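Input: a single structure, listed below in structure tokens.
Everything numeric in this text was worked out from a predicted model, so none of it was measured. Below, all heavy atoms of this structure are taken into account, side chains as well, without hydrogens, waters or symmetry copies. Below, chain A is the first sequence line, B the second, and so on; all start at residue 1.
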Amino acid sequence: MDLKKEQLLDIYKKMCTIRAFESKIVEIFAAGKIPGFVHLYLGEEAVATGVCANLETKDFIASTHRGHGHLIAKGGDLKSMMAEVFGRTTGYCKGKGGSMHIADVDLGILGANGIVGAGMPIATGAAFACKYKNNGAVAVAFFGDGASDRATFHEALNLASTWKLPVVFLCENNGWAISNSQKTHQNITDISDRASGYGIPGVSVDGNDVIAVYEAAGAAIERARKGDGPTLVECKTWRHRGHFEGDPGAYKDPKDQEEWLKKDPIPRLEKNLLKLNYAVQADLDKIKADTEADIEEAVKFAESSPLPDPQELFTDVYAD
Amino acid sequence: MDLKKEQLLDIYKKMCTIRAFESKIVEIFAAGKIPGFVHLYLGEEAVATGVCANLETKDFIASTHRGHGHLIAKGGDLKSMMAEVFGRTTGYCKGKGGSMHIADVDLGILGANGIVGAGMPIATGAAFACKYKNNGAVAVAFFGDGASDRATFHEALNLASTWKLPVVFLCENNGWAISNSQKTHQNITDISDRASGYGIPGVSVDGNDVIAVYEAAGAAIERARKGDGPTLVECKTWRHRGHFEGDPGAYKDPKDQEEWLKKDPIPRLEKNLLKLNYAVQADLDKIKADTEADIEEAVKFAESSPLPDPQELFTDVYAD
Amino acid sequence: MKQMTYAEAIRDGMRVEMQRDPNVYLAGEDVAQFGGCFGVTGTLYDEFGPQRVLNTPISEAVIVGHAVGAAAAGLRPIAEIMFVDFMGCCMDELFNQAAKMRYMFGGKAKVPMVVRTPCGAGMGAAAQHSQCMESWFTHIPGIKTVMPSTPADAKGLMAAAIRDDNPVVYIEHKQLLGVSGDVPEGEYVVPLGKADIKREGSDITIVAWSWMMQKALAAAEQLAAKGINAEVIDPRTLIPLDKDEILKSVSKTGKLLIVHEEVKTSGFAGEIAAIVADEGFDYLDAPIKRVTAPDTPIPFSPVLETAYLPSEEKIIKAVEEMF
Amino acid sequence: MKQMTYAEAIRDGMRVEMQRDPNVYLAGEDVAQFGGCFGVTGTLYDEFGPQRVLNTPISEAVIVGHAVGAAAAGLRPIAEIMFVDFMGCCMDELFNQAAKMRYMFGGKAKVPMVVRTPCGAGMGAAAQHSQCMESWFTHIPGIKTVMPSTPADAKGLMAAAIRDDNPVVYIEHKQLLGVSGDVPEGEYVVPLGKADIKREGSDITIVAWSWMMQKALAAAEQLAAKGINAEVIDPRTLIPLDKDEILKSVSKTGKLLIVHEEVKTSGFAGEIAAIVADEGFDYLDAPIKRVTAPDTPIPFSPVLETAYLPSEEKIIKAVEEMF
Ligand SMILES: Cc1ncc(C[n+]2csc(CCOP(=O)(O)OP(=O)(O)O)c2C)c(N)n1
Ligand SMILES: Cc1ncc(C[n+]2csc(CCOP(=O)(O)OP(=O)(O)O)c2C)c(N)n1
Ligand SMILES: [Mg+2]
Ligand SMILES: [Mg+2]
């Protein structure tokens, strides 16, 4: 592991921030404060964080419907994110996108996406732009186990491999596509087995071990940066909540849920940090409290921000 | 090899019929007698023939833009086919389909197809119907190396595997997708390597050796009939002509073309038949002459058949 | 008659037809034990079992594409696409395969399949989960397009769609799923291609379907109070379109307003307007008007979404401007 | 000015813009050494090399989808889809991604990309290789739709499409590729949204585009001999539509005929008819007429295909019936 103390504490903080952000959304969604669909990243924090710890601002990511974690990990602004979830003018998308479409192109965040699997071609295109401009940047496409069955997975991996593009296909296998367990939607265990069909490397790691994720993604990203083409990285993880808020997740076996809760990535990293003597409990408590305060502030910012003017409906359809 | 003399001679005859049909089309297309696009199967006869020798009438096939060979191999009527290519009322589709859409649903032929890769979901659905009705029938989807890059390949193989459907995905790797050689459109050599991504067996065979094709396809079809699910079978072959009639195929290296012409499946089978003492040269000459006569008759039938009445334009849009 | 929600009525329509014909089956994402993303398939899995109610991977192309093959091979699939917004992932299978197979084969194939899919805005689901786009389907010869506005129509049109020997796109509106109404029990078929005059009137013809039909009806009640007696026609199926009923109504009222939730440009209102501007030109005593969504994607924030949607008020205002 | 075919003009439009802006590149099936299925990209590979002219696998979804990502990341892709009929394989990428990205992101993205694709019947290519389906694209807010009818327009509109900061669907007609005409050399831009009156007249307004514009012009010449002086308007771009020019013309002629090769129902003629039946109602002295393909798939046999296609004769007949 080549992660220094500061880096690992940063990673911890990011994970806590995602946890706090998402936990807050549980609360405000239940309170009826936000409309539409929200898909939460609780339990999967190690994936986005471990991956994005390898990325620079110039690098791109394409995210999913379950995007908050990716956006925070890539440096997204909490206030602008929260305001967007609330549909306010100060949100990233001026309230036009909502949870499923948050984006920050300046930070290389090419958007959450409401269409499962749509991010893979987009990331492939961004990677093409990186190669075309020869600027050393890379792109990462996040997508789920369910998305690995979509058309776009196949076409994107094949093109990226054929064109040797600097892109990493980062599969978050949380075992579920809504109510479908992995084995009911595909006949394989390791999604990374699909890599060989494109002539690229594939690797599977424990997605709840942020260090393992960091390392596997890091190797793939380095490979991409060096010009050696794409890699398929599968992170095995679990979503703590239902598919979207409002889904009780009754299809999950409670025993599985219990097992996976024991593998929660945050306590796991905490243990590690304590063992490595990178922190004492009080440090960790402080970090957690800080992130929670940040989220409180973001909510305050969002709630006190103005709703869009109805005339805003008509703007931003075309660039002129 | 469990092929008896009669069977092998039948196979030889089918291959000669395809050869004669396609060679005739070269001639009549050049003479300007048929409009639109025609994609010829010359050189690939062993694939369709070897595969379909394993099929019964109740079984289904889904074909491609390069469909004549599949249709003849599955038992398609030569006159109806030729008349369709000529756009006559006596054609399989009353002249509405043309070369790219010839079908005979009663024979289990679910159509040639103008959309690359479209046959795979269709065959998957036909296989579902076979399983649903539990009638012991199977479906075969023919498709090219180029088609193996399409969306539909991925989604069909994944669904067929997950649902354990009696379908065989039969890839005719002729090395080209129009002007793109295989290595410029995918980063793998054996397309059968894609099978493992779906948890199904994959096998590659010499597609110019009709007995090898017969055996590999036979094993896959048997597996499907037994209820063990799909197989991906790749047959390596070569098209003798350009992509469509009118394409000189200038992108082909003449040396490659020459090499492959040496591997022509028909002389190869002839040698085999002679060696096995299944036939003497005169028998083979007779079969060839017979098939050529059949084709002449088919052309006569087509040319003397009436053109459609313009009012036919409006019929067959909907079933009532 | 029985009180049912629109969702229950759709389910009952499927149930009765599945009982009637063993070749009818249902496949889609999360339609089995989970009962469908919006609960529409509900208990059908328990009633008919895993052979006839099947979950699929997230693979829209093969959901529709396999249905084409299964239908050509003798079954009658009902394929669910979770949101109509996802139809972009399977348009080839719908428009080049399902719709054209019969014609291309010279009439020698039947493709009896239903693609069920929910449409519509109003729940803050933003640009990729809120669309109406029926006009695309109406532009595809070979398929039929059904958009019920009431529970009874939902059931009867579902039966007709399943029994039809052609591919039918059956579009249910998310905002109607919970709406209740009287629904005939047992076998019940509403023929495709027959409009329903949901309200008789003499001053203006309003054509609307799906959720907008409900809005048009409510607007008509308010207009009646203001002395304008609107006739409200629900075509129920856009293809086939019962244009005679529309022309007959316009011949009586002299005025036509069309309401839909699709964006304005190239929405199906344009087609209806064009038909009437041709075949009913002499009946018209005023310009043909449309109340539709504007030509923008669908915004997330409820303030903006409300501004986006056609509403009772917008309909009333448009009608009043025509007098 | 230089004599060029329509295909050469398209190529010249791409060439000049590629010379001007290093961020413009071209990707599609067989567009490189092969020069494109219809020869339109021709020598561009030789001129610009493998970095800027790229063959793709047969993967329409990622052809369009990668262009979205590349455009958002600062390039200006031209993506070729070999036939417009194949757009069903990449509609999601076009309508949910390319078209909506800017809006969904609150205006904070630019997606400057062109999807080039040939349309049209007349070569016996049957149901899946002969379609026109522009109305689908016009129903998608966020993209523009361009359909040139002459070599000069083809070049100038290509330049405008490439320079535009939005996704543009640029549809070239297969029957026009070999047609020659005068084309300005060097940089030449025809603005999007500006109709062109291809023939002035006073008795009737004929709106037509792409190949049908050529047929309408030919019909107008014959009609002139019969004493009917038709004005022929080529909108050139359907989105944005220059409706003012159409309304102005109808205000003068009182009569409107729209011609397109798409099937009739929900074709773009319906939209134009609806606009005029609303905003130009008072100008009209006759029903609005449409000459279009019928609502059928496209048949293979030349006899049937000829019956399918709108023609000079059909246009003339329709016009004569309006007097
Ligand atoms: C093309 C498409 N099909 C279906 C859906 C509906 N849907 C949204 S999320 C989802 C499940 C996605 O599963 P997975 O990719 O594993 O991601 P996860 O939700 O587990 O993070 C589905 C089916 C969609 N949004 N887009
Ligand atoms: C979806 C789609 N994309 C592109 C085409 C144009 N096209 C027709 S055949 C062909 C090449 C097919 O290659 P392959 O699958 O290897 O089959 P082959 O022609 O070699 O038999 C292409 C690109 C098409 N018909 N459909
Ligand atoms: Mg998942
Ligand atoms: Mg090939």
*Quick one: of D/T306, D/V62, D/V303, who has the most non-hydrogen atom pairs under 4.5 Å with chain B?*
D/V303
*Which atom pair, heavy atoms only, marks the closest approach of D/A125 to B/F37?*
CB-CE1, 3.7 Å
*Proximal to chain D - members of residues 236-247 of chain B, heavy-atom separation under 4.5 Å*: B/F244, B/D247
*asked:* Nearest 0.5 angstrom please: D/T296 OG1 to B/E312 CD, how far?
replied: 11.5 Å
*chain D neighbours within residues 172-187 of chain B, where any heavy atom lies under 4.5 Å away*: B/A177, B/I178, B/S179, B/N180, B/H185
Considering only distance and modelled atom types, tabulate donor-acceptor pairs under 3.5 Å from the side chains of residues 77-84 of chain D, sequence neighbours left out.
unit_1 : atom_1 : unit_2 : atom_2 : d
D/E80  : OE1    : D/R116 : NH1    : 2.9
D/E80  : OE1    : D/R116 : NH2    : 3.2

*Within-4.5 Å side-chain heavy-atom neighbours: D/E305 and B/L313*: no
*Measure across B/G95 and D/L304 and return the closest heavy-atom pair with its distance rounded to 0.1 Å.*
O-CD1, 4.5 Å
*Top contributor to chain B interface from D/C89, D/P302, D/A126, D/A61 [non-hydrogen pairs under 4.5 Å]*: D/C89
*chain D contact via B/F314 - which portion, at a heavy-atom distance below 4.5 Å*: both
_With a 6.0 Å cut-off (strictly less than), is the heavy-atom count around CD of B/Q257, excluding the residue itself, greater than 12?_
yes
*Which value, rounded to the nearest 0.5 Å, describes the distance between B/I34 atom CD1 and D/S301 atom OG?*
12.0 Å
_Test side chain to side chain contact (heavy atoms under 4.5 Å, CB included) on B/M100 and D/H129; report intermediate values, then the result._
CA-CA 10 Å; B/M100 264 193 294; D/H129 284 76; 3.5 Å; yes
*What parts of residues 81-89 of chain B touch chain D if we use heavy atoms and a cut-off under 4.5 Å?*
B/E84, B/V85, B/F86, B/G87
_Interatomic spacing from CD in D/E60 to CD1 in B/I115 - rounded to 0.5 Å_ = 8.0 Å
